Amino acid sequence: MHNKLPAGFYRGTDVVAIARNLLGKQLNTCFGDDYTAGIIVETEAYCGATDRACHAFGDKRTARTEVMYATGGVAYVYFVYGLHHLFNIVTNKEGAADAVLIRAIEPVAGLEVMQARRGVAENDKRLTGGPARLTQALGITVADNKTSLTGDKIWLSEGRYYPGNEIVATTRIGVDYAGTDALLPWRFFIRGNNYVSK
DNA sequence: TAGGTGATCTTG
DNA sequence: AAGATCACCTAT
C-alpha cells in the first residue's frame with residue numbers, strides 16, 4: 001500500500017509517545033492473497049528497563065523477550081493463556097526493550113476475510129476489538145514474531161487523524177502484578193470508538 | 001464469573 | 001522437573 005510508515009517512525013526513544021501516535025495509523029497484513037487492514041484505536045506502552053509490567057523488566061533476556069531488544073520496527077508476537085496470540089510493535093534503538101501492544105483496531109479492508117477467520121459478523125465489535133481478536137482477524141501468529149514492519153506482510157500506513165481531545169489515557173489492563181507501575185497512564189484509546197475494550 | 005489451554009519461567 | 005503464572009476470550 002501507499003504511505004507505508006518508514007523505519008524511522010519506530011526508532012524514537014519515547015515509547016509512550018509512540019503508543020499515543022500510533023492511534024489512527026492503519027495496520028495492514030497480506031498473507032497469500034488475503035489483504036486485511038484496520039485503524040489502530042487502542043494501544044499500550046511497555047518500557048523494558050524500568051517497567052515492572054514489561055516482559056523485559058530489568059533487562060531480562062530470555063528466548064521470548066529477545067526480540068524486544070531489536071532495533072524498532074519489528075513485530076513482537078507471543079502466545080498466552082494457551083490460545084491467544086498478541087501483537088506488539090518493537091520501538092527504540094537496539095538494546096532498549098520497548099514495545100507497544102496493539103489492543104484494538106477498527107476494520108477497514110478485507111472484512112470478509114476477517115469474518116471468516118473470526119467467525120463473527122462484520123459489524124460485531126468482537127471482530128477486531130481486543131488484542132487477541134485483532135491478531136486472529138489479521139491472521140497474525142507467533143510465526144510472525146520478528147517480522148519487519150517495513151516489509152510486505154505486516155506494515156503500517158497513514159490512516160486517520162484524531163485530534164488530541166479524542167484521545168484518552170488510562171492505566172493498562174491486566175497488569176495488576178506490576179505494583180505501582182500498574183498505575184501508569186500508558187494505555188491510549190479513541191474516545192467513544194466502538195472497538196475499544198471496556 | 002469461571003474455565004480453558006499451553007508456552008514460559010520458577011519464593012511474581 | 002513439576003507447578004504456578006499469564007499484556008485474554010467465550011460461554012454460562
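Keep in mind that what you see is a predicted model, and the values were worked out from it rather than measured.
To the nearest angstrom, P of C:dC9 lies 13 Å from NZ of A:Lys125. Distance A:Leu83 CG to C:dT10 P: 9 Å, rounded to the nearest Å. When rounded to the nearest whole Å, the span between CZ of A:Arg118 and P of C:dC9 equals 8 Å. Distance A:Tyr81 OH to B:dT8 C1': 13 Å, rounded to the nearest Å.
Among the duplex regions that DNA chain C forms, those built from at least three successive Watson-Crick or G-U pairs under 3.5 Å are B:1-4 with C:8-11, B:6-10 with C:2-6, ordered by first number.
The stacking criteria are not both satisfied for A:Phe79 over the base of B:dA7, which would need a centre-to-centre distance under 5.5 angstrom and an angle between ring planes under 30 degrees.
Relative to the ring axis of A:Tyr46, A:Arg172 places its NZ or CZ within 45° and under 6.0 Å from the centre. Stacking of A:Arg61 on the aromatic ring of A:Tyr69 is recorded, both the 6.0 Å distance cut-off and the 45° axial limit being met. Note that A:Arg64 lies in the cation-pi zone of A:Tyr78, set by a 6.0 Å cut-off to the ring centre and a 45° limit from the axis.
Along DNA chain C, the nucleotide nearest A:Gln136 and the nucleotide nearest A:Met68 are compared for position; the residue whose nucleotide lies closer to the 5' end is A:Met68. Taking the nucleotide of DNA chain C with the nearest heavy atom to each of A:Leu134 and A:Gly82, the more 5' of the two is matched to A:Gly82.
With sequence neighbours left out, A:His85 forms a ring pair (Phe, Tyr, Trp, His ring centres under 6.0 Å) with A:Phe79. The side-chain hydrogen bond (donor to acceptor under 3.5 Å, both in side chains) check on A:Thr147 picks up nothing, with sequence neighbours excluded.
Here, C:dT10 and B:dT8 have their C1' atoms 24 Å apart, quoted to the whole Å. To the nearest whole angstrom, the two P atoms, one in C:dA11 and one in B:dA7, are 23 Å apart. The separation of C:dA7 from B:dT11, taken at their C1' atoms, amounts to 23 Å, rounded to a whole angstrom.
Screening A:Lys125, A:Glu122, A:Met114 for a side chain to side chain contact (heavy atoms under 4.5 Å, CB included) with A:Pro107, the sole residue that qualifies is A:Met114.
The shortest distance between side-chain heavy atoms of A:Lys146 and A:Glu66 falls below 4.5 Å.
For DNA chain B, the residues of residues 50-67 of chain A within the heavy-atom distance limit of 4.0 Å (strictly under) are A:Thr62, A:Arg64, sorted by number. Within residues 172-198 of chain A, the residues that place at least one heavy atom under 4.0 Å from DNA chain B are, in residue-number order, A:Tyr177. Interface residues of residues 84-94 of chain A facing DNA chain C, ordered by number: A:His84, A:Leu86, A:Asn88; criterion, heavy-atom separation under 4.0 Å.
Looking only at distances, no side-chain donor or acceptor of A:Asn88 sits under 3.5 Å from a matching main-chain atom of A:Ala99.
Between A:Arg133 and C:dT10, a side-chain N or O to OP1/OP2 separation shorter than 4.0 Å is present.
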